[in-house]
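Before any comments, here is the structure.
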Amino acid sequence: MNDVLAYLRANQKRFVNELCDYVRFPSVSAQPPHRPDMLACAKWLVAHCQNIGLDAKLCPTAGHPIVLAKTPRQPTTGRRHFMVYGHYDVQPPEPFELWKTPPFEPTLRGRSLVGRGASDNKGQNLAHLKAVEAYLRTGQELPCDITFVIEGEEEVGSKSLAGFLKEHRAELRCDAVVVSDTGIPAKNLPALTYALRGIAAFEIILRGPSRDLHSGIFGGAVENPATALCRLLAKIHDAKGRIAIPGFYDDVAPLTRFERQQLARLPFQRAKFQKFLGVPQLFGEHGFTPDEQRSARPTFEINGLTSGYQGEGSKTIVPAWARAKVTARLVAHQKPARVIKAVHAFLKQHCPPTVKLEVKSGHGAEAYLVSPKSADAQAALRALRSAFGCEPVLLREGGSIPIVNQFKKILGADTLLLGLALPDDNAHSPNEKFDLDLFAAGQRMSALLWQELAR
Ligand code: BES
Ligand code: ZN
């Protein structure tokens, strides 16, 4: 093991250069003009895996290709098999003008590497590859078999991956999946995440007049769909931040005392948090701490609100329609379809007869919740403890990784979520960065993890 750790220590400079090469690909899955960049990035990954000594190939899909790479298999029977999942696609970099350095020109700033995808998720999945490289290059036997699945559609809903898992079910069958695509509260607080929120996406559209109308000639005699939508949306939360939709909380699993104690261990400074977010004051459901609100309670978030004229200057109209794009984050054991049904019924009841209501449902995923007390979870905690040299925390996280539910359904495998992103990594925002000390710690954690999981 010492050889493996020494190898990692000795090669950090090269690893950082390789991460730069990886980040340089503008692998934006959402934007069709980047299709060739997606393919180039996947090919780079395959070549990189082959270089390390993995049996790697590119697997085309109806969408972006999936990279499949396996460690050389050992004939020993009874060896455990783990899958490492990650994604090479990144969020769109816009707005460009807010980046201090170009998003696809990775730049060192202190102990961080700045670039789109550095943290979400290239740096995190490369850390696992580097750990395996250390074993293979030092001739140290890997204690388990490992299969890497690195996809290119995570940021757009992983549309091809479930089919891929089904198709490769036999070879992907594993004891557990390891994913580093979540966060840790601070550099000295490594974490095992045992819960993620689910999601239900939908759009609410109100239609009024058959076309935009002159607001001077007709305004006052017709309902303005924008006003009607605002009135409707204002009814969603009560003054205590609770969602007022009947049935919305029906299936919500309450937080246990143990969980509240774990969350209360996290360092939290209200003033600092407010300043970091740039808000004059925090707001959330009464009776819960901000860490509880943003990880273990469901939400109803308006992601976009559109109606009428958005151009320069003014335009005097009564708009024909108004639309809200919404995602509700869900917790165990809420069902996306049931939530959307409850939302729809509520909107229908409160929608005035002066406009027509349409609710379009989009993607959805259930929350993920797994016991942090399993033998594998304990193994992961031991790996975190020795890689970081401090006591790890157990986390519930507010983000979603919908595919982890499919790992359970299709492969029968639980997921160990061992994220390396810091809260200020600016994931999905301008100036995304990845901490290079955490890159190194992640490699150590991964190297130690295989020992602990095989024990
Ligand atoms: N890495 C994130 C998920 C994440 C972030 C989990 C922070 C926990 C903490 C992932 O890349 C992501 O952004 N997922 C989307 C999924 C959605 C589009 C269905 C999300 O959570 O918004
Ligand atoms: Zn993301």
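Basis for what follows: all heavy atoms, side chains included, without hydrogens, waters or symmetry-related copies. Here the structure is a predicted model, which means the values were calculated and not measured. In what follows, residues are counted from 1 in the order of the sequence shown. Note that ligands are numbered from 1 as they come in the structure, with each ligand's atoms numbered from 1 the same way.
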NE2 (His428) - the Zn ion (ligand 2) - OE2 (Glu155) angle, nearest 10°: 110°
Can you see which heavy atom on Ser180 is nearest to which on Met445, and at what distance? OG-CE, 4.2 Å
From CA spacing to verdict: side-chain hydrogen bond (donor to acceptor under 3.5 Å, both in side chains), His64, Asp89: CA-CA 9 Å; His64 299 297; Asp89 65 323; over 6 Å; no
Test Glu358 against Arg207 for salt bridge (charged side-chain N to carboxylate O under 4.0 Å, His left out), laying out the working first. CA-CA 8 Å; Glu358 188 188 340; Arg207 295 184 201 284; 2.8 Å; yes
Residue shell for ligand 1, any heavy atom closer than 4.0 Å, reads His87, Asp120, Glu154, Glu155, Asp181, Thr182, Leu196, Arg329, His363, Glu397, Gly399, Ser400, Ile401, Pro402, His428
Does Glu151 form a side-chain hydrogen bond (donor to acceptor under 3.5 Å, both in side chains) with Ser158? I'd like the steps, not just the answer. CA-CA 8 Å; Glu151 70 152 322; Ser158 301; 2.7 Å; yes
Hey, which of Glu155, Lys122, His34 is the one that makes side-chain hydrogen bond (donor to acceptor under 3.5 Å, both in side chains) with Ser27? Lys122
Restricting to N/O/S, name the atom of Asp120 that gets closest to the Zn ion (ligand 2). OD2
Passes salt bridge (charged side-chain N to carboxylate O under 4.0 Å, His left out), Arg396 versus Asp291? Steps please. CA-CA 9 Å; Arg396 287 183 70 141; Asp291 279 324; over 6 Å; no
Which atom pair, heavy atoms only, marks the closest approach of Lys360 to Ile205? CE-CD1, 4.0 Å
